[in-house]
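These notes are about the structure you will find just below.
Here, residue 1 is the first one in the sequence, and each next residue gets the next number.
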Amino acid sequence: MNTDTAPERPAEPAWVEHVMWWHVYPLGFVGADVRPDTPVDERPVHHRLGRIEPWLDHVVDLGLNGLLLGPVFTSSTHGYDTVDHFRIDPRLGDDDDFDRLVTAAHDRGIRVLLDGVFNHVGREHPAFRAVEEQGPDAPAADLFAIDWAGWSPGDDVPVGLFEGHDILVALDHGSRATEDLVVEVMTRWLARGVDGWRLDAAYAVPTAFWARVLPRVRERFPDAWFTGEVIHGDTAAFVRASTVDSTTQYELWQGIWHGIADRNCFELAHAVERHDELLAAQAPSTFVGNHDVTRIASAVGERFAGHAAAVLFTVAGTPSVWAGDEYGWTGVKEERVGGDDAVRPEFPAAPPESVALTHAYEALIALRRREPWLHRAHTDVVHLTNTAIVLRTATAERAVVTALNLSPDPVDLPTAGATRVEAGGADVGDGTLRLQAAAWAVLTAH
């Protein structure tokens, strides 16, 4: 990964320090068929996108102020096989439906982030259909990296696929045509009012491509924010070379859920320490649930979902909540056709009554809102056993202490100077706190 020629990356927009996202998968949320039989160009428009709007007050009530939308553009199936980046998927509605949702969000102080799938397109994309029909003479042939040697009309087009998926056709990221397309898509929707982009499968795209595209977009929209999906590898180097603002923090997610599920706080501590090392390069995009993973309540057990949220909201980063996790909804990701459905369900018409976990989220988010410095603050592990951990996230002036007990017995832990319980539950004494079985608490020094 060559970082020598990467353009200078500007500081992230100031608003990002204060944003926390509610992450929604629109096609599932509104009850659309994600595997329809009807060809894309024959599908009628169903005005379903408005079903998200009655939930926006719930977003505000939680204390969140961002709406991270999964794919909303026309696609063949699940949204990640785009066939038209300039049209709202007819299963969701049309431009007017989208504009109403963005306006309703902004009226409530909620920013909107779109999911951009720019590594590949769906096989039914008109540009690729033209290539199949016309070969190298197709007007959009430059969008795809194809070796035409030995090809004859009627042959299958030897195009690259994304991770072996036949329906996902890889774009050519060395092509000016692809660069221009992505710039046009990003700027078109930023001009319509969105605040930034999640870059799907960013890890599969050469960093040099992002380093060419993002400065062009920032010229027109300097306040836009870009977070890239990066699952593993040297994310600091990726950030520097690509000029993205942030990357998804899968290593922290793994350490949180796996450490809690296995009652191994040493794994959690290691992940937090590794997380700290990223802060010189970025404020990572943090989460304990998203559209691609088993829901946190299923991964760790419903009794421990609050523990995971406590870590999420008290370590550095830009947090997102996978919609429904605040209710403790369950769902297991499976490696099969339809294996994502359980974690991407249809939502009811209106938010249900809050549960204890919902109130815990509200308390944690309220604390994060009062302490925006947590966005870039370092975390120290001040106490550690297999089943108990105390984390202290601090600056020279302020500190937040997170204590977790994973055992079936009460435990006494150091307060690390904190005195006031902000979320969870603990009995605080002189320099110590008692957590009951499977309890957690977040404290400050006020």
Determine whether Val24 and Leu67 satisfy the following criterion, side chain to side chain contact (heavy atoms under 4.5 Å, CB included), listing intermediate values before the conclusion. CA-CA 7 Å; Val24 169; Leu67 178 64; 3.9 Å; yes

What verdict does the ring pair (Phe, Tyr, Trp, His ring centres under 6.0 Å) test give for Phe221 and Trp189, after you've listed the backbone C-alpha separation in whole Å, the side-chain angles of each residue and the deciding distance to 0.1 Å? CA-CA 11 Å; Phe221 298 95; Trp189 293 97; over 10 Å; no

Thr330 versus Glu302, side-chain donor and acceptor atoms under 3.5 Å: no

Taking every non-hydrogen atom, the tightest pair across Leu433 and Ala403: CD1-CB, 4.1 Å

Centroid-centroid under 6.0 Å between Phe118 and His173 rings: no

Arg111 and Asp195 ion-paired at < 4.0 Å: yes

Minimum-distance pair of heavy atoms, taken over all atoms of Tyr250 and Val293: CE2-CG1, 4.3 Å

Check whether the side chains of His258 and Glu267 place a donor and an acceptor atom closer than 3.5 Å, and report yes or no. yes

Does the pair Asp292/Arg344 count as a salt bridge with the N-to-O cut at 4.0 Å? yes

His275 and Glu251 side chains, donor-acceptor separation under 3.5 Å: no

Do the charged groups of Lys333 and Asp340 touch, with an N to O distance under 4.0 Å? yes

Any salt bridge linking Glu179 with Arg176? Criterion: basic side-chain nitrogen under 4.0 Å from a carboxylate oxygen. yes

Just by distance, do the side chain of Trp197 and the backbone of Ala224 share a donor-acceptor pair under 3.5 Å? no

Side-chain H-bond candidate by donor/acceptor type, Ser407 with Asn405, under 3.5 Å: yes

Can we call the ring centroids of His58 and Tyr327 under 6.0 Å apart? yes

Donor-acceptor pair, distance only, cut-off 3.5 Å: does the side chain of Thr247 make one with the backbone of Val230? no

How close do Thr393 and Thr314 get, heavy atom to heavy atom, and via which atoms? OG1-O, 2.7 Å

Does atom CZ of Arg274 have more than 12 heavy-atom neighbours, drawn from other residues, nucleotides or ligands, at distances under 6.0 Å? no

Hey, would you say the His232 and Phe238 ring centroids sit under 6.0 Å apart? no

Can you tell if the side chain of Arg369 reaches within under 4.5 Å of the side chain of Met20, non-hydrogen atoms only? yes

Between the side chain of Arg192 and the main-chain N/O of Arg188, is any donor-acceptor distance below 3.5 Å? no

Given the rule in the side chain to side chain contact (heavy atoms under 4.5 Å, CB included) test, do Thr385 and Cys265 qualify, once you have shown the distances and angles that lead to the verdict? CA-CA 6 Å; Thr385 68; Cys265 289; 5.9 Å; no

Pair Trp22-Glu326, side-chain donor/acceptor within less than 3.5 Å: yes

For Ala201 and Glu229, the nearest pair of non-hydrogen atoms, with its separation, is N-OE1, 2.6 Å

Any salt bridge linking Asp97 with Arg48? Criterion: basic side-chain nitrogen under 4.0 Å from a carboxylate oxygen. no

Are the side chains of Tyr361 and Leu64 in contact, using a 4.5 Å heavy-atom criterion? no

Heavy atoms only: give me the nearest Pro319-Phe313 pair and the separation to one decimal. CB-CE2, 4.0 Å

pair Val321-Trp21: side-chain heavy atoms closer than 4.5 Å: no

Is the Trp322 to Tyr25 ring centre distance short of 6.0 Å? no

For the backbone of Thr379 and the side chain of Asp276, can you confirm whether one donor and one acceptor N or O come within less than 3.5 Å of each other? yes

How about Arg218 and Pro10: do any of their side-chain heavy atoms sit closer than 4.5 Å? yes

Between Asp84 (side chain) and Phe86 (backbone), is there a donor-acceptor pair under 3.5 Å? yes

Electrostatic pair Arg398-Glu371, nearest N-O below 4.0 angstrom: yes

Taking 4.0 angstrom as the limit, do Glu346 and Arg51 come out as a salt bridge? yes

Can you find a side-chain donor-acceptor pair between Thr444 and Glu422 that sits under 3.5 Å? yes

Run Phe304 and Trp440 through ring pair (Phe, Tyr, Trp, His ring centres under 6.0 Å) and show every step you take. CA-CA 9 Å; Phe304 292 97; Trp440 61 272; over 10 Å; no

Under 3.5 Å, is there a donor-acceptor pair linking the side chains of Ser285 and Thr227? yes

Within the structure provided, determine whether Val102 and Asp99 are in side-chain contact (heavy-atom separation under 4.5 Å). no

Main-chain N/O of Phe266 paired with Asn264 side-chain donor or acceptor, under 3.5 Å: yes

Heavy-atom distance under 4.5 Å between the side chains of His106 and Arg108, does that happen here? no

Side-chain heavy-atom pair Leu101, Leu69 within 4.5 angstrom cut-off: yes

Side-chain ion pair, Arg43 and Asp33, N-O less than 4.0 Å: no

Does Arg198 pair with Asp200 as a salt bridge, N-O distance under 4.0 Å? yes

Test your reading of the model: is there a side-chain donor-acceptor pair from Arg376 to the backbone of Trp373, 3.5 Å cut-off? no

Candidate pair Leu367 and Val442, rule side chain to side chain contact (heavy atoms under 4.5 Å, CB included), full reasoning: CA-CA 9 Å; Leu367 172 65; Val442 173; 3.3 Å; yes

List the steps, then state whether side chain to side chain contact (heavy atoms under 4.5 Å, CB included) holds for His307 with Ile256. CA-CA 9 Å; His307 296 62; Ile256 291 174; over 6 Å; no

Donor-acceptor contact below 3.5 Å, side chain Trp253 vs main chain Asn290: no

Taking every heavy atom of Thr187 against every heavy atom of Glu184, the minimum-distance pair comes out as OG1-O, 3.3 Å

Do Leu268 and Leu404 come within less than 4.5 Å of each other through their side chains, counting heavy atoms only? yes

Side-chain H-bond candidate by donor/acceptor type, Glu362 with His359, under 3.5 Å: yes

